[in-house]
Amino acid sequence: MLIGVPKESKVHEYRIGLVPMSVSELTYAGHEVIVETGAGCGAGLTDECYIKAGARIASGADEIFSKADMIIKVKEPLADECKKLREGQVLFTYLHLAPDEAQTRALLESGAICIAYETVTNPQGSLPLLTPMSEIAGRLSPQVGSVALQKNSGGSGILLAGALGVPAADVVVLGGGVAGSNAAMIALGMGASVTVVDCSAMVLASLSSRFGPRLRTIFSTHEGIAKIIQNADLVIGTVLIPGATAPRLLTADMIRSMKDGAVFVDVSIDQGGCSETSRATTYSDPTYIVDGVVHYCVSNMPGAVARTSAFSLNNMTLPFIKALADKGYLQAFAEDPFLRKGLNVYRGDLTIEAVAFAHGLDYTSAEMSLGLN
Ligand SMILES: NC(=O)c1ccc[n+]([C@@H]2O[C@H](COP(=O)([O-])OP(=O)(O)OC[C@H]3O[C@@H](n4cnc5c(N)ncnc54)[C@H](O)[C@@H]3O)[C@@H](O)[C@H]2O)c1
């Protein structure tokens with residue numbers, strides 16, 4: 001199979017879909033890989049590294065999209081990339097279609113086979129290809145939140161750890177899954193006073209036994225959240241309903257009730273965000289202020305730590321990429337129901353129910369589309 005890796009085109013996105021180690025693995029198995037020139041530079045991976053691993057270097061994205069049987073990316077394709085996709089071409093990347101009707105329609109029109117990293121599952125029912133980036137975004141969130149709390153960023157001028165005789169900052173993490181538990185771990189490590197809110201008693205119990213009494217946990221209710229965020233210095237949103245638009249836990253009124261200069265980091269922004277006041281930002285202008293609350297809503301947070309992220313992502317994606325390349329997508333989907341969960345768009349069919357529901361579009365099951373019934 002000819003596998004193509006274009007350079008990411010999102011603002012300040014420095015990750016790359018395949019690291020050289022993965023290219024070696026694929027070329028060793030008899031596949032061909034073409035990588036757009038300079039695609040790995042942001043992660044410190046030069047064209048020479050890719051040539052050594054067995055890849056060919058393409059001068060531009062057009063060559064990759066016109067020749068490759070399968071495109072491996074990191075972020076969702078932008079409008080001009082959607083236009084380059086060909087009928088029957090496989091696209092394997094993060095898609096986040098629930099909050100993005102324009103992209104959903106463009107992918108349906110392309111006739112391509114679009115597999116989303118974030119909806120691939122595993123036998124434990126979790127999301128193995130979302131996990132590495134959620135871990136990184138979660139770990140980054142107290143770091144970016146602490147900078148946003150600085151006076152020069154528009155924040156209240158509070159240090160997360162406090163100081164001798166001065167209390168530490170109050171951090172509230174909404175959602176205690178992968179991103180949330182990692183956010184809590186780093187915020188605790190930075191000396192903050194941390195509370196995690198989740199709607200799953202099992203999630204709260206596991207956090208409690210992991211962190212002990214240092215971590216406060218509360219069950220997710222509208223009233224409970226409204227109360228706790230009034231005193232918070234930093235709120236980190238990490239809730240997720242797999243495949244669907246993020247639940248809007250914070251209303252504009254709740255944001256208004258927060259302290260002046262408080263910070264809200266919305267990690268869930270790639271699924272539409274968990275506050276009525278959230279709108280996606282990029283690393284070139286990451287924050288904006290609503291009613292005195294600094295909002296940080298960068299939808300590709302791990303892109304800033306591209307090297308760690310690219311390697312971490314590839315560790316998890318490579319087995320699925322190899323299965324698709326070695327067996328062809330039809331056999332790979334037929335044999336692996338967990339990979340099949342990643343199929344969002346198949347030759348003009350929308351095969352993910354939550355996205356069809358979000359946009360009022362027709363849904364066809366992956367099994368039906370693939371003729372597996
Ligand atoms: N912005 C970025 O750059 C970036 C990077 C990686 C991941 N993400 C996003 O981070 C989000 C979290 O991902 P994850 O892997 O941690 O998900 P996860 O499934 O591990 O955790 C989500 C948690 O939210 C909880 N939850 C759901 N509804 C809730 C509610 N109403 N109240 C309280 N808790 C609720 C769930 O019980 C679960 O524990 C996703 O939207 C993911 O796409 C964003």
Side-chain angles (χ1 to χ4, degrees), residues 8 10-15 74-76 93-100 116-122 124-141 143-145 172-185 195-207 210 217-226 228-229 235-251 264-275 278-283 286 295-306 308-309 312-313 316 354:
E8 292 298 316
K10 196 158 183 150
V11 181
H12 288 293
E13 178 53 72
Y14 302 110
R15 287 171 289 179
V74 178
K75 287 309 285 180
E76 70 279 3
T93 189
Y94 287 113
L95 291 175
H96 299 292
L97 293 181
D100 192 345
Y117 292 155
E118 74 275 10
T119 62
V120 171
T121 58
N122 63 14
Q124 291 73 43
S126 59
L127 306 168
L129 306 190
L130 184 61
T131 299
M133 294 306 100
S134 293
E135 177 188 46
I136 288 174
R139 289 178 183 201
L140 272 172
S141 59
Q143 190 172 313
V144 297
V172 172
V173 183
L174 304 173
V178 178
S181 58
N182 278 283
M185 178 183 75
T195 305
V196 174
V197 180
D198 204 286
C199 60
S200 157
M202 247 165 59
V203 167
L204 294 180
S206 112
L207 287 172
R210 178 171 165 198
T217 55
I218 67 164
F219 195 71
S220 176
T221 60
H222 177 74
E223 202 184 320
I225 295 171
I228 196 164
I229 64 161
V235 175
I236 299 172
T238 72
V239 288
L240 172 71
I241 297 170
T245 311
R248 287 276 157 101
L249 299 188
L250 304 183
T251 62
F264 171 49
V265 177
D266 196 350
V267 181
S268 307
I269 190 66
D270 53 355
Q271 290 294 133
C274 62
S275 170
S278 297
R279 62 174 166 79
T281 59
T282 66
Y283 270 113
H295 286 52
Y296 180 102
C297 300
V298 172
S299 57
N300 60 332
M301 291 174 68
V305 286
T308 306
S309 299
S312 166
L313 180 62
M316 304 307 285

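When a ligand or atom number is given, it counts from 1 through the structure's own listing order. One is the number of the first residue; the rest follow in order along the sequence. Computed from heavy atoms alone, side chains included, the values below leave out hydrogens, waters and symmetry copies.
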Q: Run the numbers for me: atoms of ligand 1, each under 4.0 Å from some heavy atom of S220, listed by number.
A: 30 (C), 32 (N), 33 (C)
Q: As a check for students: among D198, D270, V239, T245, identify the option with a heavy atom nearest to atom 39 (O) of ligand 1.
A: D198
Q: Within a 6.0 Å radius of atom CD on Q124, are there more than 12 heavy atoms belonging to other residues, nucleotides or ligands?
A: yes
Q: Which atoms of ligand 1 sit under 4.0 Å from any heavy atom of A137?
A: 4 (C), 5 (C), 6 (C)
Q: With atoms numbered from 1 as shown, which atoms in ligand 1 lie under 4.0 angstrom from a non-hydrogen atom of S299?
A: 1 (N), 2 (C), 3 (O)
Q: Considering only heavy atoms of N300, which atoms of ligand 1 have at least one such atom less than 4.0 Å away?
A: 3 (O)
Q: Is L130 near ligand 1, meaning one of its heavy atoms is under 4.0 Å from it?
A: yes
Q: V298 heavy atoms, cut-off 4.0 Å: which ligand 1 atoms fall inside?
A: 1 (N), 2 (C), 3 (O)
Q: Please work out, at 4.0 Å between heavy atoms, whether the side chain, the backbone, both, or neither of H96 comes within that distance of ligand 1.
A: side chain
Q: Check each heavy atom of V203 against ligand 1 and say whether those closer than 4.0 Å belong to the side chain, the backbone, both or neither.
A: side chain
Q: Heavy atom under 4.0 Å from ligand 1: found in M301's side chain, backbone, both, or neither?
A: both
Q: Starting from atom 31 (N) of ligand 1, find the nearest protein heavy-atom neighbour and note its residue, name and distance.
A: L249 CD2, 3.4 Å
Q: Looking only at non-hydrogen atoms, which of A179, G180, A246 approaches atom 16 (O) of ligand 1 most closely?
A: A179
Q: Mind checking salt bridge (charged side-chain N to carboxylate O under 4.0 Å, His left out) for E8 and listing every partner two or more places apart, or none if nothing turns up?
A: K73
